[in-house]
Amino acid sequence: QVQLVESGGGLVQAGGSLRLSCAASGQTINGYVMAWFRQAPGKEREFVSAHSKRHGGPFYAESVKGRFAISRDDAKNTVYLQMNSLKPEDTAVYYCAADRSLILSSLSNSAQYDYWGQGTQVTVSS
């Protein structure tokens, strides 16, 4: 079992930056695919980014490429999402997810992840 706790969300103006953290406990995340998803009100949960040592990458949704960066520190059992040049359409609850056995084609599929955090709200004002 892996427990995930996100932090770092908040209110920021358009063009600003935030850094989200996802602290894992229960097991080491070394060997896990770690990902970020987001869900805006009234919308489905969507893939943002994933980091997998087995599959290369990192991987990003087109909407965040060049603005967001995922990183991981296995020694701290933590994954980060640096978000720059934020836009109002980035407003959502951001979730951290983990899975040990995903194949490459499933990295962006939220239904394939076994472990989830509780989410952290990111609000970008215009």
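These figures come from a predicted structure and were not determined experimentally.
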Distance col, row Arg54:CZ vs Leu107:CG, nearest 0.5 angstrom, shows 8.5 Å
Side chain to side chain contact (heavy atoms under 4.5 Å, CB included) assessment of Gln121 paired with Thr91 | CA-CA 8 Å; Gln121 176 71 47; Thr91 295; 4.0 Å; yes
Grab the two heavy atoms, one from Tyr32 and one from Val2, that are nearest each other, plus how far apart they are.
-> OH-CG2, 3.4 Å
Over all atoms of both residues, closest heavy-atom pair of Cys96 and Met34 | SG-CE, 4.0 Å
Within 45 degrees of the axis of the six-membered ring of Tyr95 and under 6.0 Å from its centre: does Arg45 put its NZ or CZ there?
-> yes
Check whether any side-chain N or O of Ser126 sits under 3.5 Å from a backbone N or O of Pro88 as a donor-acceptor pair, and report yes or no.
-> no
Step-by-step side chain to side chain contact (heavy atoms under 4.5 Å, CB included) determination, Leu20 to Val122 | CA-CA 9 Å; Leu20 304 184; Val122 172; 4.0 Å; yes
To the nearest 0.5 angstrom, please state how far the CG atom of Asn30 sits from the CZ atom of Arg100.
-> 8.0 Å
Is there side-chain contact between Leu81 and Met83, with at least one heavy-atom pair below 4.5 Å?
-> yes
For Glu62, the salt bridge (Lys or Arg N to Asp or Glu O under 4.0 Å) test, sequence neighbours excluded, returns Lys65
Between Ser21 and Thr78, the two heavy atoms sitting closest are CB-CG2, 4.4 Å
Those residues that, when tested against Arg67, pass salt bridge (Lys or Arg N to Asp or Glu O under 4.0 Å) (two or more places apart) | Asp90
Considering non-hydrogen atoms only, spot the tightest contact between Pro58 and Ile70 and give its length.
-> CB-CG2, 3.4 Å
Would you kindly confirm whether Trp116 and Val48 end up in one hydrophobic cluster when ILVMFWY residues are joined by side chain heavy atoms under 4.5 Å apart?
-> no
Hydrophobic side-chain clustering at under 4.5 Å (ILVMFWY, transitive links): who's grouped with Tyr80? Put none if nobody.
-> none
Side-chain (Arg72) to main-chain (His51) donor-acceptor, under 3.5 angstrom = yes
Where do Glu6 and Gly119 come nearest, in terms of heavy atoms and distance?
-> OE1-N, 2.9 Å
Would you give the length of the straight line joining atom CZ of Arg38 to atom CD of Glu89, rounded to the nearest 0.5 angstrom?
-> 8.0 Å
Rounded to the nearest 0.5 angstrom, the CD1-CG distance for Ile29 and Asp74 is 4.5 Å
Sequence-distant partners of Asp73, salt bridge (Lys or Arg N to Asp or Glu O under 4.0 Å), two or more places apart = none
Heavy-atom closest pair, residues Gln112 and Leu102 | CB-CD2, 3.2 Å
Approximate separation, where rounding is to 0.5 Å, of Leu11 CG and Thr123 OG1 = 6.0 Å
Do Val33 and Leu4 belong to the same hydrophobic cluster, where Ile, Leu, Val, Met, Phe, Trp and Tyr are linked whenever their side-chain heavy atoms lie under 4.5 Å apart, directly or via other members?
-> no
What's the verdict on side chain to side chain contact (heavy atoms under 4.5 Å, CB included) for Trp36 and Phe47, showing C-alpha distance, side-chain angles and the deciding distance?
-> CA-CA 7 Å; Trp36 289 93; Phe47 171 76; over 6 Å; no
Does any N or O in the side chain of Ser52 come within less than 3.5 Å of the main-chain N or O of His55, such that one atom is a donor and the other an acceptor?
-> yes
Non-hydrogen side-chain atoms of Phe68 and Leu18 separated by less than 4.5 Å | no
Can you tell if the side chain of Ser49 reaches within under 4.5 Å of the side chain of Tyr60, non-hydrogen atoms only?
-> yes
Measure the shortest side-chain to side-chain distance between Val93 and Thr120 over non-hydrogen atoms and say whether it is less than 4.5 angstrom.
-> no
For Tyr113, enumerate each residue passing the ring-ring contact (aromatic ring centres under 6.0 Å, His included) test, keeping only those at least two apart in sequence or located in another chain.
-> Phe37
Are the side chain of Asp114 and the backbone of Asp99 linked by a donor-acceptor contact shorter than 3.5 Å?
-> no
Lys76: what forms a salt bridge (Lys or Arg N to Asp or Glu O under 4.0 Å) with it, not counting sequence neighbours?
-> none
